[in-house]
Amino acid sequence: MDDDFERKIRCAGVAGWRTVLVAAAVLLVQWVAYLFVMSTRPAFALAVWGSGTGWLEAQHLWLLGTVVLKILLFVLALLSLGLTLWARELRKARGA
């Protein structure tokens, strides 16, 4: 039973790190999109945000969304680290 539990914890840690990697890639893509949109300021971008929205408000909301995503990514990385360390301790305890 201990082997199975340790294996599940290890797999959860690996899945967490893969999710962190994918989320970091998404953050990179959205940052490049942010730089492109804010430098070119296409008309369709304000249409996406809705009528009455200015560039300053769109920039503020986009950066706020980025901050929220980065905080969530940090929490996910901490959880993945915790799972990884827990699996390592379970493996050590089983081997001892």
Side-chain angles (χ1 to χ4, degrees):
M1 183 66 181
D2 246 359
D3 275 348
D4 192 38
F5 184 66
E6 184 265 328
R7 184 180 55 81
K8 287 180 182 180
I9 297 296
R10 188 183 67 231
C11 288
V14 169
W17 286 117
R18 289 180 182 172
T19 305
V20 167
L21 182 63
V22 169
V26 167
L27 275 172
L28 179 66
V29 167
Q30 77 84 27
W31 181 250
V32 170
Y34 170 80
L35 291 176
F36 175 74
V37 168
M38 290 302 153
S39 66
T40 59
R41 296 188 178 201
F44 73 87
L46 286 182
V48 171
W49 289 100
S51 62
T53 304
W55 282 108
L56 188 60
E57 187 178 5
Q59 182 179 12
H60 177 71
L61 289 174
W62 200 331
L63 287 176
L64 182 64
T66 301
V67 168
V68 169
L69 286 174
K70 285 184 179 185
I71 290 171
L72 290 174
L73 180 65
F74 179 71
V75 169
L76 181 60
L78 286 179
L79 288 172
S80 298
L81 179 64
L83 285 170
T84 302
L85 294 176
W86 188 17
R88 180 183 294 177
E89 289 300 316
L90 287 173
R91 190 176 328 129
K92 282 182 185 179
R94 182 186 47 145

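Looking at residues two or more places apart in sequence or on another chain, you find no salt bridge (Lys or Arg N to Asp or Glu O under 4.0 Å) involving Lys70. Evaluation of the ring pair (Phe, Tyr, Trp, His ring centres under 6.0 Å) rule for Tyr34 yields Trp31, Trp62 as partners, not counting sequence neighbours. Residues passing the side chain to side chain contact (heavy atoms under 4.5 Å, CB included) test with Ala15, sequence neighbours excluded: none. Under the rule for a ring pair (Phe, Tyr, Trp, His ring centres under 6.0 Å), Trp55 has no partner lying at least two apart in sequence or in another chain. Residues forming a side chain to side chain contact (heavy atoms under 4.5 Å, CB included) with Ser80 (at least two apart in sequence, or on another chain): Trp17, Val20, Leu76.
The existence of a salt bridge linking Asp4 and Lys8 is confirmed by a sub-4.0 Å separation between a basic side-chain nitrogen and an acidic carboxylate oxygen.
Here salt bridge (Lys or Arg N to Asp or Glu O under 4.0 Å) pairs that include residues 9-31, with residues two or more places apart or in two chains, are Glu6-Arg10.
A chain of hydrophobic side-chain contacts below 4.5 Å, direct or via other Ile, Leu, Val, Met, Phe, Trp or Tyr residues, connects Phe5 to Leu83. In the hydrophobic clustering of ILVMFWY residues, with side-chain heavy atoms under 4.5 Å counting as a link, Val14 and Leu79 come out apart.
In this structure, the separation between CZ on Arg91 and CD on Glu89 is 10.0 Å, given to the nearest 0.5 Å. With rounding to the nearest 0.5 Å, the separation of CD in Gln30 from CG in Leu35 is 9.0 Å. Taken to the nearest 0.5 Å, the CG atom of Leu85 stands 12.5 Å off from the CD1 atom of Ile9. For the atom pair CD of Glu57 and CG of Leu46, the computed distance is 10.0 Å after rounding to the nearest 0.5 Å.
The shortest heavy-atom contact between Leu73 and Ala23 is CD1-CB, 3.5 Å.
Side-chain contact check for Val67 versus Ile71: some heavy-atom pair is nearer than 4.5 Å.
Remark: Leu56 CG is loosely packed, at most 12 non-hydrogen atoms of other residues, nucleotides or ligands lying under 6.0 Å away.
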